[in-house]
Structures are given as C-alpha cells and as structure tokens.
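Here the structure comes first, spelled out in structure tokens, and everything after it is commentary.
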Amino acid sequence: MQTFPGIDNHSPAPQTLGLRVMLLTNRPEGQSAQRLADYGSLVEVADAPAAALAAVLDDPLGYDLFVMECDAFGGIMAAEQAIATLIAAEARMRVMLLSREFDVPAYPLGRRTAVCLPDPVAEPGFRRGFDHVLRDREAVTLM
C-alpha cells in the first residue's frame with residue numbers, strides 16, 4: 001500500500017481537504033492517484049481487492065471515499081462484490097468506480113450508490129464525478 005498526500009497548483013474545494021481515499025488500482029502512480037492527490041486528498045493505494053477492503057474495514061478513523069479502477073480486478077462484477085462487502089460491514093463511505101464497461105458516466109443521487117465513470121475519463125469528467133460523490137460532505141474545519 002502507498003500513500004500520496006498533496007495539493008498541486010489547484011485550489012481544492014473545501015469539502016475535499018483532509019479527505020481520506022482508498023484507491024484500488026493496478027496503477028499506483030497513475031492518473032487517478034495523481035488527480036486525487038492534486039485535489040488535496042490523502043490517498044492510500046492498494047493493488048488487491050482483499051487488501052483494500054481489509055484496510056477500509058479495519059481502519060479506526062474511516063475513509064471518506066473508496067475509488068476502484070475495476071478493469072484490473074474483474075470489472076463491474078468485482079466492483080459489485082466489493083460494494084456488497086462494504087455494505088455488509090456497514091462501512092459508510094462514498095464510492096466511485098472507473099471501468100471500460102461503463103459507456104457513459106452515472107451520477108446517482110442516492111448517498112449509498114456509486115458514481116460510475118468510463119475509463120479512461122478526461123480530467124473534467126473525473127473532477128465532476130469526484131465533486132458529485134462528495135456533494136453533501138461537510139467541509140473540515142480545524143479550530
């Protein structure tokens with residue numbers, strides 16, 4: 001597992017500062033990891049579904065977002081299994097999925113539904129999905 005903190009030259013939205021993200025990918029230094037770090041998120045990367053889910057479920061602080069690049073791990077069916085595992089364990093987090101199997105982006109309104117993005121996705125589309133999945137997250141304020 002790898003961790004990527006960072007804010008690039010972009011001003012992150014207030015609701016993304018301090019965001020903890022578990023990214024399941026076979027490209028640990030790929031676009032998704034870089035984009036998430038550029039948005040001001042603390043990104044932890046796992047390269048196996050079991051490791052990612054164990055990290056999420058065993059973490060005492062809790063993650064805010066689970067992002068899965070589905071194609072390297074069995075596609076949408078594997079994503080459905082991962083989400084079912086999270087729900088069964090009562091993990092309360094937002095989910096974003098990327099896959100070649102998605103023809104168009106999906107931005108559902110329910111909090112317990114995943115934002116689904118085609119892979120590859122241009123940065124504006126990724127950002128829209130990211131902002132949508134976090135649309136009702138409270139901004140973190142440190143006093």
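What you see below is based on every heavy atom in this structure, not just the backbone, and it leaves out hydrogens, waters and symmetry mates.
- A donor atom on one side chain and an acceptor atom on the other are not found under 3.5 Å apart for D119 and S99.
- At least one side-chain heavy atom of L19 sits under 4.5 Å from a side-chain heavy atom of F130.
- The residues R20 and D64 are annotated as not salt-bridged, no charged nitrogen and carboxylate oxygen being separated by less than 4.0 angstrom.
- Here the closest non-hydrogen pair linking A52 and L24 is CB-CD1, 4.1 Å.
- Listed by first then second residue, pairs satisfying ring-ring contact (aromatic ring centres under 6.0 Å, His included) with a partner in residues 88-108 read Y107-H132, not counting sequence neighbours.
- Using a cutoff of 4.0 Å between basic side-chain nitrogens and carboxylate oxygens, R27 and D47 are not scored as salt-bridged.
- When all heavy atoms are compared, the tightest approach of P108 to R135 is O-NH2, 3.6 Å.
- Shown here is Q31, whose CD atom has no more than 12 heavy atoms of other residues, nucleotides or ligands within 6.0 Å.
- For the atom pair CZ of R137 and CG of D131, the computed distance is 12.0 Å after rounding to the nearest 0.5 Å.
- Between E44 and Y63, some side-chain heavy-atom pair lies under the 4.5 Å cut-off.
- Side-chain contact between V67 and M22: absent, with no pair of heavy atoms (C-beta onward) separated by less than 4.5 Å.
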Show, in sequence, the C-alpha distance, side-chain angles and deciding distance for R35 and V121, and conclude whether the side-chain contact (heavy atoms from CB on, under 4.5 Å) test is met. CA-CA 11 Å; R35 287 172 176 167; V121 61; 3.8 Å; yes
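- Here CZ of R128 is found 13.5 Å from CD of E123. Values are rounded to the nearest 0.5 Å.
- For residues 84-96, the set of pairs meeting the side-chain hydrogen bond (donor to acceptor under 3.5 Å, both in side chains) definition, not counting sequence neighbours, comprises R94-D136.
- Of all heavy-atom pairs between A79 and C70, the closest is CB-SG, 3.6 Å.
- When every heavy atom of A82 is checked against every heavy atom of M68, the shortest pair comes out as CB-SD, 4.3 Å.
- Remark: R127 is positioned above the aromatic ring of Y39, its terminal NZ or CZ atom under 6.0 angstrom from the ring centre and at most 45 degrees off the axis.
- Note on I87: it clusters hydrophobically with F73, by side-chain heavy-atom contacts below 4.5 Å among ILVMFWY residues.
- Shown here for S41 and V21, the closest heavy-atom pair between the two residues is CB-CG2, 3.8 Å.
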With side-chain contact (heavy atoms from CB on, under 4.5 Å) as the criterion, how do L98 and S32 come out once you've worked through the C-alpha distance, each side chain's angles and the decisive distance to 0.1 Å? CA-CA 9 Å; L98 291 96; S32 294; 4.2 Å; yes
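- Between D59 and L57 the shortest side-chain heavy-atom distance does not fall below 4.5 Å.
- Side-chain contact between L65 and V95 is absent, with no heavy atoms from C-beta onward closer than 4.5 Å.
- A heavy-atom distance below 4.5 Å is found between the side chains of F126 and L36.
- Of all heavy-atom pairs between L117 and M96, the closest is CD1-SD, 4.0 Å.
- Counting only heavy atoms from C-beta outward, the side chains of L97 and I76 never approach each other to under 4.5 Å.
- Side-chain contact between V45 and T25 is present, with heavy atoms from C-beta onward closer than 4.5 Å.
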